[in-house]
Protein chains: 2
Amino acid sequence: MSKLKGAMIIGQSGGPSSVINSSCYGAIKAGLDNDAITTVYGAANGIVGVLNDKLYIMDEEDPAELALMQYTPSSALGSCRYKIADPDVDDTDYKRILEIFQKYNVRYFFYNGGNDSMDTCNKISKYMKKVGYDCRVMGIPKTIDNDLYGTDHCPGFASAAKYIATSLVEVYQDAHVYDKGQVTIVEIMGRHAGWLAGAASLAKVTGYGPDLIYLPEVDFKMDEFIEDVERIWNENKNVLIAVSEGIHYADGSFVSEAKTSATDGFGHAQLGGLAAMLADVVKSKIDGVKVRPIELSLLQRCGAHLASQTDIDEAFMAGQAAVNCAVAGETDHMVAFKCTRDENGYKCETELLPLSKVANYEKKVPVEWINERGNDVSDEFIKYALPLIQGETQMKKENSLPRFVHLKKVVAK
Amino acid sequence: MSKLKGAMIIGQSGGPSSVINSSCYGAIKAGLDNDAITTVYGAANGIVGVLNDKLYIMDEEDPAELALMQYTPSSALGSCRYKIADPDVDDTDYKRILEIFQKYNVRYFFYNGGNDSMDTCNKISKYMKKVGYDCRVMGIPKTIDNDLYGTDHCPGFASAAKYIATSLVEVYQDAHVYDKGQVTIVEIMGRHAGWLAGAASLAKVTGYGPDLIYLPEVDFKMDEFIEDVERIWNENKNVLIAVSEGIHYADGSFVSEAKTSATDGFGHAQLGGLAAMLADVVKSKIDGVKVRPIELSLLQRCGAHLASQTDIDEAFMAGQAAVNCAVAGETDHMVAFKCTRDENGYKCETELLPLSKVANYEKKVPVEWINERGNDVSDEFIKYALPLIQGETQMKKENSLPRFVHLKKVVAK
């Protein structure tokens, strides 16, 4: 295929992770280094920045400062939760995107996000084809939820997993300190997929792990939960529980009471408050027990000081691959990871998956990795996830605090 | 003074910290290395272990494994919240302690904890003097709350401060990611003293800090809080707030609603739930605002992966000094820190304070370090705290997860 010359836009969407900026930096750096790319634009707040004609000129940034993106959590360009319409129903946004693409001669569009972002990517790509505007569109995966289809894992998952496992090992020390014992309930993100809650199992490798782990892949039974907690409490007066925010009863309703009103832009319920609710249940069932609910909240997705260097490197590689493959002629694909774990260790390489296959499909934890009682995961999970969290971040510090990127953000006119 | 020969007991009490084990290890190591100390016992769960005749023989531990205590958070020997009686009212416990001291020829007693622990220490010391049992008693300070009298700071504070500041810098990235903005409220420990909430100000050194900081040293005014949040929200659609769990109204009542029933062994209210409560207030006052409450909970006091190496080293030094000074003839004192911060940098050395002066007095953040509006701290706070958080922990990792100590805990007969 011919070498298409023009500008590129990179945008970030959806919830932050510790390494989405590493992917973004990988794409920006590949763009800056490639002759086919005339200008590298960063969209302010994802597709919203394109619609609002707010594009940052990444070429204007100081290279050394820009490189700090690799170790800065969250989305340095800003994110959004904008749900783009079906172009057959309403093509207003698409016309506007085309207008902006034409204004800046954008021939490459990269979108860095999760399921919803791959859907946005796919729709834009199809529209540009339909109207005959030559633009290559690639998705760069990102989600701590690890639920994207067709890829061994998603950039961002491993760093969150490492944060969760490390915190569990540490909370274990704290929770086991008193002579009178304690039930500790740690609430972990993950709306429909239990990858993050499952990552709590990695703590067991240290000898200090949770007693019970509940994932949303199987129905939650409150009576069995109480039985499990009581049994372990009676045995050793200490119970450490990891629970996914997304656990639900057999009828599909969330166990969390906080699912009520607040929703994000996609109509997903905003969860949280589950640990506190379960703590109340445990207190009402076991006499005189001390219960401590802990919600890892945003910390688990922005705790870059605990990022996995493997994750950071792979995220960079995914961003870089997206740009290089696009310049080489590819379009309408998401970069995915193909990995091997065997006696030779762990290996990871990129491959491309058609966007249409990826969009809006959620990959869950295999049910065979969850025990029959539905309160733990098997060693298979640990074998899968442990290689991903290896390596300490090379994050720069100043005054023993993180030195995160400060971008100039020069807006294109 | 003559060299007193006999066994020593070290006990840990009160809430955990990231470095209390480093102090404990400092004392144990000094004890093992000193000829005057015949056996080093660790009390299981503090004074409760003495009362129950459950003492671990630290001489039986593998030295390399034992050294891992220095980087292991929480109290490796176990802690307690046991309130010892006034010996003039009820001397049952003291008689029992004397019995155990005699049984094992204990001539040195070290207690590692906060205010309540120094009080326990002081009472035991006085009783032993009264009954004429020759035993040297020293307090080793520990409290993330940093509220012990007469010492520049307390071991444990700096590591919690570093955890809080780092988390704030990271949460800032996350909280500023969306185009629609967010109010983020981070709840920080500290019942009566605002040292930990004040540590949130350290994040500002990175360029990414909280907009508002509320300490319990001054009365909280809900109307002014709402005004402050609304003003900043209207300015930039993003507000990051750090708030101490212990903030209270002018009448002394806690703002937190969760202060209701649960109390710890000393009758202190168990706080928490404040961030969620303030989030509800903000939501009810500002139309359509997204508010995210975050409670740092136990994580801030056990997050040893973010411990300050300065704190670890000083904690070790305090434990070591307690033993060495006791063997040299000192008793009835707590080890304290005397520090200088000037053009030559930061220096810290130990000194001794009479236990009677320290017990049950809480040191608070100087009111002149808090601004007039009561919603921030001054640069004086940063100058005080920044040197304390310097240095990255040398914690050992295996599989990229913390390698914490596994003690044999051989119980003395």
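First the proteins, then the strands, lettered A, B, ... as listed; each starts at 1. Because the structure is a prediction, the values reported are computed rather than measured.
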Between [X] and chain A, with a heavy-atom cut-off of 4.5 Å, which part of the residue counts as in contact: side chain, backbone, both or neither?
{"X": "B:Pro387", "value": "neither"}
{"X": "B:Val186", "value": "neither"}
{"X": "B:Ser18", "value": "neither"}
{"X": "B:Tyr172", "value": "neither"}
{"X": "B:Val169", "value": "both"}

Hey, are the side chains of [X] and [Y] touching, using non-hydrogen atoms and a 4.5 Å cut-off?
{"X": "B:Cys302", "Y": "A:Gln173", "answer": "no"}
{"X": "B:Leu298", "Y": "A:Gln182", "answer": "yes"}
{"X": "A:Ser74", "Y": "B:Tyr178", "answer": "no"}

Looking at chain A, which one of [options] has the largest number of heavy-atom pairs inside 4.5 Å, strictly under?
{"options": "B:Glu392, B:Gln12, B:His176", "answer": "B:Glu392"}
{"options": "B:Gly46, B:Pro73, B:Ala276", "answer": "B:Pro73"}
{"options": "B:Ser167, B:Gly207, B:Gly303", "answer": "B:Gly303"}
{"options": "B:Glu398, B:Lys397, B:Gln309", "answer": "B:Lys397"}

> Which of parallel (below 30°), tilted (30 to 60°) and perpendicular (above 60°) describes A:His305 and B:His305?
Replying inline: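 The arrangement is parallel - the two ring planes meet at less than 30°.
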> Taking atom CG of A:Leu306 and atom OG of B:Ser400, what is their separation to the nearest 0.5 Å?
Replying inline: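 Reported to 0.5 Å precision, the distance equals 10.0 Å.
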>> Can you list everything that forms a side-chain contact (heavy atoms from CB on, under 4.5 Å) with A:Ala165? Sequence neighbours excluded, please.
In response: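 For A:Ala165 the side-chain contact (heavy atoms from CB on, under 4.5 Å) partners, ignoring immediate neighbours, are A:Leu202, B:Leu401.
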>> Is it the case that atom NZ in B:Lys204 sees more than 12 heavy atoms from other parts of the structure closer than 6.0 Å?
In response: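 Counting neighbours around NZ of B:Lys204, more than 12 heavy atoms of other residues, nucleotides or ligands fall under 6.0 Å, so yes.
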Could you check whether any side-chain N or O of [X] sits under 3.5 Å from a backbone N or O of [Y], counting only pairs where one atom can act as donor and the other as acceptor?
{"X": "A:Asn45", "Y": "B:Val177", "value": "yes"}
{"X": "B:Glu295", "Y": "A:Glu295", "value": "no"}
{"X": "B:Glu170", "Y": "A:Ala304", "value": "yes"}
{"X": "A:Tyr208", "Y": "B:Arg403", "value": "no"}

>> Show, in sequence, the C-alpha distance, side-chain angles and deciding distance for B:Arg292 and A:Ser297, and conclude whether the side-chain contact (heavy atoms from CB on, under 4.5 Å) test is met.
In response: CA-CA 9 Å; B:Arg292 175 75 84 158; A:Ser297 189; 4.2 Å; yes
>> Can you tell me which of A:Val171, A:Thr72, A:Ile389 forms the most heavy-atom pairs within a distance under 4.5 Å of chain B?
In response: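 Highest number of heavy-atom pairs under 4.5 Å: A:Ile389.
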> Which residue out of A:Asp174, A:Leu386, A:Val205, A:Leu77 racks up the most heavy-atom pairs below 4.5 Å with chain B?
Replying inline: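 The option with the most such pairs is A:Asp174.
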